[in-house]
Chemist: 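Here it is, the structure, as structure tokens.
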Number of protein chains: 2
Amino acid sequence: MSDTLDKKPSRIQLRNRRRIMDAALDVFSQHGYRGATLDQIAITAGLSKPNILYYFAGKEEIHVTLLSQLMETWLDPLIEMDADGDPLGEILAYVQRKLDMSRDLPRESRLFANEILQGAPRMGAHLQSDLKPLFDEKCAVIQGWMNRGQLAQVNVHHLIFSIWSTTQHYADFEAQISVLEPGKDTYTDATQTLKQMFTALLTL
Amino acid sequence: MSDTLDKKPSRIQLRNRRRIMDAALDVFSQHGYRGATLDQIAITAGLSKPNILYYFAGKEEIHVTLLSQLMETWLDPLIEMDADGDPLGEILAYVQRKLDMSRDLPRESRLFANEILQGAPRMGAHLQSDLKPLFDEKCAVIQGWMNRGQLAQVNVHHLIFSIWSTTQHYADFEAQISVLEPGKDTYTDATQTLKQMFTALLTL
DNA sequence: TCGTAGATTTACCAATTGGTAAAAAACGGA
DNA sequence: TCCGTTTTTTACCAATTGGTAAATCTACGA
């Protein structure tokens, strides 16, 4: 039995757990929770379905585990924003990190988007306990910059929403972009345009 | 039998077809294609499952019909953009129309987002045949404005992507926003912030 | 009012779903 | 090498899925 409080996960446990997580990320990010099947995850992971249920108690536990791990990755770029750094530089660097995540971790972005789209039924609590405090903290930091005259006055909540939406768009709506911009170096142009946009918005 | 080429749809046909479409919009937009079930749609519509299959050939036909109808609604705000109008005014009005659509038609926005997230398996053709030409046309219009010195020089593709992402974000990620901004008048602030943002970006 | 086309229900079905029990196999330390 | 533990497979299951056939009911024009 593989309880959450086992002493030492064996090498096999570690390898297979990771395989399952990776396969689940594939499947859940493409079809959403209800559209994903254990059989698909099993096939993708190269394991049998009962074997997967040997490592995880059920479909929901796999999904929840995935979302928990994702939350850390997801908050990281915002955590790095430094209150003592150069205001515009810090925000542009944050935009850059978010854009890099869309390019390098598109599955994670889509998993997150799927969950929120469906009303965050399995992540509402995490949003409240993890995202909300961080969001409030960093909003205060940016508001401080604005109050000190280091940035133009903009509604801070919606500034952050616009950073999230513009950057994540490139992962979540890739299917659309690839139709409209076939064969283009999308991320290079996006980097340039978003930098220009937020500079124009925030420069006094 | 109710073929596509029936002479006259009866009052009952019209009413039930609309009911089914509405219920399907509810269910598909919340769970995606694979996560939605005919039983759910039937219950939501207040009809029996076989009765629904009397009006539509199957689950896929319901979904495809929904997406086709949606495409028209979706392209409308962009079609209205007038090459002979005031450049900045036209773009800000477009942003406003898209934002209004997020507020008034959130289910449609999420249905669209779900489909694109999953790789647009049932809409790729529509994107190519309907969206792409319109996109190219309007990009040319905006590029013309920029070339004539009526707007600041910005990558036009990514300008439009940023309009889509920032406005649709308010419908698609509502579950997240409602956690971070409880009890706020989100759309009023969004309108103001987005207007400020695109004005700053596009003013010379 | 009556006949019929249109609309709805009842009773199914095969395939797929998430999940289980238990046997079999592989592993690893003594 | 042996023995107990961990891992994997085989063989299932009940519930749900999309979908069908046919009987039944209902609306409505002649």
Side-chain angles (χ1 to χ4, degrees), chain A residues 1-28 30-67 114 118 121-122, chain B residues 1-28 30-67 114 118 121-122:
Chain A
M1 198 47 74
S2 61
D3 262 352
T4 320
L5 290 176
D6 264 352
K7 15 197 155 182
K8 295 224 174 177
S10 71
R11 235 170 290 115
I12 295 179
Q13 287 241 357
L14 242 54
R15 172 175 54 88
N16 282 353
R17 271 207 142 91
R18 215 170 295 156
R19 269 204 211 180
I20 294 169
M21 285 286 103
D22 193 65
L25 179 57
D26 255 38
V27 177
F28 280 127
Q30 213 171 94
H31 300 292
Y33 180 73
R34 294 189 48 181
T37 70
L38 284 180
D39 295 86
Q40 258 182 292
I41 295 172
I43 289 168
T44 308
L47 299 170
S48 68
K49 185 166 61 176
N51 203 179
I52 279 186
L53 292 167
Y54 170 75
Y55 290 101
F56 291 90
K59 184 184 178 181
E60 182 147 15
E61 197 189 271
I62 299 177
H63 194 242
V64 166
T65 305
L66 215 47
L67 288 176
N114 255 308
Q118 286 162 29
R122 268 164 278 278
Chain B
M1 200 42 77
S2 62
D3 262 351
T4 320
L5 289 177
D6 264 355
K7 14 197 156 182
K8 295 227 173 175
S10 72
R11 237 171 291 115
I12 295 179
Q13 287 240 359
L14 242 53
R15 171 173 57 87
N16 283 352
R17 271 205 142 91
R18 215 169 294 154
R19 270 203 209 181
I20 293 169
M21 285 286 103
D22 193 67
L25 179 56
D26 255 38
V27 177
F28 280 127
Q30 213 170 93
H31 300 292
Y33 179 74
R34 293 189 49 181
T37 70
L38 284 180
D39 296 87
Q40 260 182 291
I41 295 173
I43 289 169
T44 307
L47 299 171
S48 69
K49 185 166 62 177
N51 202 178
I52 280 187
L53 292 167
Y54 170 75
Y55 289 101
F56 291 91
K59 183 184 179 180
E60 182 147 14
E61 198 189 272
I62 298 177
H63 195 240
V64 167
T65 304
L66 216 45
L67 288 176
N114 254 310
Q118 286 161 29
R122 268 164 278 278

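Below, chains carry the letters A, B, ... as their sequence lines are ordered, and counting in each starts from 1. Predicted, not measured: the structure shown is a model, and the values here were computed from it.
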Chemist: Rounded off to whole Å, could you give me the CG-to-P distance for the B:L53 and C:dA7 pair?
Modeler: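 Those two atoms, CG and P, are 15 Å apart.
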Chemist: Do B:I41 and B:F28 make a side-chain contact, defined as non-hydrogen atoms from C-beta onward lying under 4.5 Å apart?
Modeler: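 Yes, close enough: below the 4.5 Å cut-off.
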Chemist: I need the B:D22 CG to B:D26 CG distance, nearest 0.5 Å.
Modeler: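 Spacing of CG (B:D22) from CG (B:D26) equals 6.0 Å.
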Chemist: So if I take every side-chain heavy atom of B:T37 and compare against C:dT9, D:dT17, C:dG18, which nucleotide ends up nearest?
Modeler: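 Closest of the options to the side chain of B:T37: D:dT17.
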Chemist: Is there a side-chain contact between B:N16 and B:Y54 in this structure, where contact means two heavy atoms from C-beta onward sitting under 4.5 Å apart?
Modeler: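 Contact flag for B:N16/B:Y54 side chains = no.
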Chemist: Provide, to the nearest angstrom, the distance between the CD1 atom belonging to A:I62 and the P atom belonging to C:dG19.
Modeler: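 Interatomic distance, CD1 of A:I62 to P of C:dG19: 8 Å.
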Chemist: Send over the distance from A:I43 CD1 to C:dG18 P, rounded to a whole Å.
Modeler: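 So the two atoms are 11 Å apart, to the nearest Å.
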Chemist: Examine D:dT8: is either OP1 or OP2 under 4.0 Å from a nitrogen or oxygen in the side chain of A:Y55? Give yes or no.
Modeler: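 Yes, A:Y55 has a side-chain N/O under 4.0 Å of OP1/OP2 on D:dT8.
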Chemist: Please check the phosphate of C:dA7 (OP1 and OP2 only) for any side-chain N or O of B:N16 closer than 4.0 Å.
Modeler: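 B:N16 to C:dA7 OP1/OP2: no side-chain N or O under 4.0 Å.
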Chemist: Are OP1 or OP2 of D:dT8 and a side-chain N or O of A:Y54 less than 4.0 angstrom apart?
Modeler: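 Indeed not, no polar side-chain atom of A:Y54 lies that close.
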Chemist: Under the 3.5 Å rule, do the base of D:dG19 and the side chain of B:K59 count as making a donor-acceptor pair?
Modeler: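 Between D:dG19 and B:K59, which were checked side chain against base, a qualifying N/O pair under 3.5 Å is absent.
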Chemist: Expressed as a whole number of angstroms, how long is the span from B:I52:CD1 to D:dT17:C1'?
Modeler: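 Computing the B:I52:CD1 to D:dT17:C1' distance gives 14 Å.
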Chemist: Out of D:dT7, D:dG19, C:dA7, which nucleotide sits closest to the side chain of A:Q13?
Modeler: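 Comparing D:dT7, D:dG19, C:dA7 against the side chain of A:Q13, the answer is D:dT7.
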Chemist: Please figure out whether B:R15 or B:R34 has its closest DNA chain C nucleotide nearer the 5' end.
Modeler: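 Whichever sits nearer the 5' end wins; that is B:R15.
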Chemist: Among D:dG19, D:dT17, D:dA11, which nucleotide sits nearest the side chain of B:L38?
Modeler: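 The answer is D:dG19.
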Chemist: Using the side-chain heavy atoms of A:K49, tell me which of these nucleotides is nearest: C:dG19, C:dA11, D:dG18.
Modeler: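 Ranking C:dG19, C:dA11, D:dG18 by closest atom to the A:K49 side chain puts C:dG19 first.
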Chemist: Hey, what do you get for CZ (B:R34) to CD (B:Q118), rounding to the nearest 0.5 Å?
Modeler: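 One finds 8.5 Å between CZ of B:R34 and CD of B:Q118.
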Chemist: Do A:M21 and A:F56 have side-chain heavy atoms sitting under 4.5 Å apart?
Modeler: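 A side-chain contact exists here, since the closest heavy-atom pair is under 4.5 Å.
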Chemist: If you look at every strand shown and take non-hydrogen atoms under 4.0 Å, does B:A36 touch a base, only sugar-phosphate, or nothing?
Modeler: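 Sugar-phosphate, no base atom in range.
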Chemist: May I have the distance from B:L47 (atom CG) to C:dT8 (atom C1'), rounded to whole angstrom?
Modeler: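 Between C1' of C:dT8 and CG of B:L47: 9 Å.
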Chemist: For B:L14 and C:dA7, give me the distance from atom CG to atom P, rounded to whole Å.
Modeler: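 From B:L14 CG to C:dA7 P: 11 Å.
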Chemist: Round to the nearest Å and state the distance from A:I41 atom CD1 to C:dT16 atom C1'.
Modeler: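 After rounding, the gap between these two atoms is 15 Å.
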Chemist: Of the listed nucleotides (D:dG19, D:dT10, D:dT17), which one gets closest to any side-chain atom of A:P50?
Modeler: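 It is D:dT10.
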Chemist: Would you tell me if any nitrogen or oxygen in the side chain of A:S48 comes within less than 4.0 Å of OP1 or OP2 on D:dT9?
Modeler: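 The answer is yes; a side-chain N or O of A:S48 sits under 4.0 Å from OP1 or OP2.
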Chemist: Take atom NE2 of B:H31 and atom P of D:dT16, then tell me their distance rounded to the nearest Å.
Modeler: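 Atom NE2 in B:H31 sits about 15 Å away from atom P in D:dT16.
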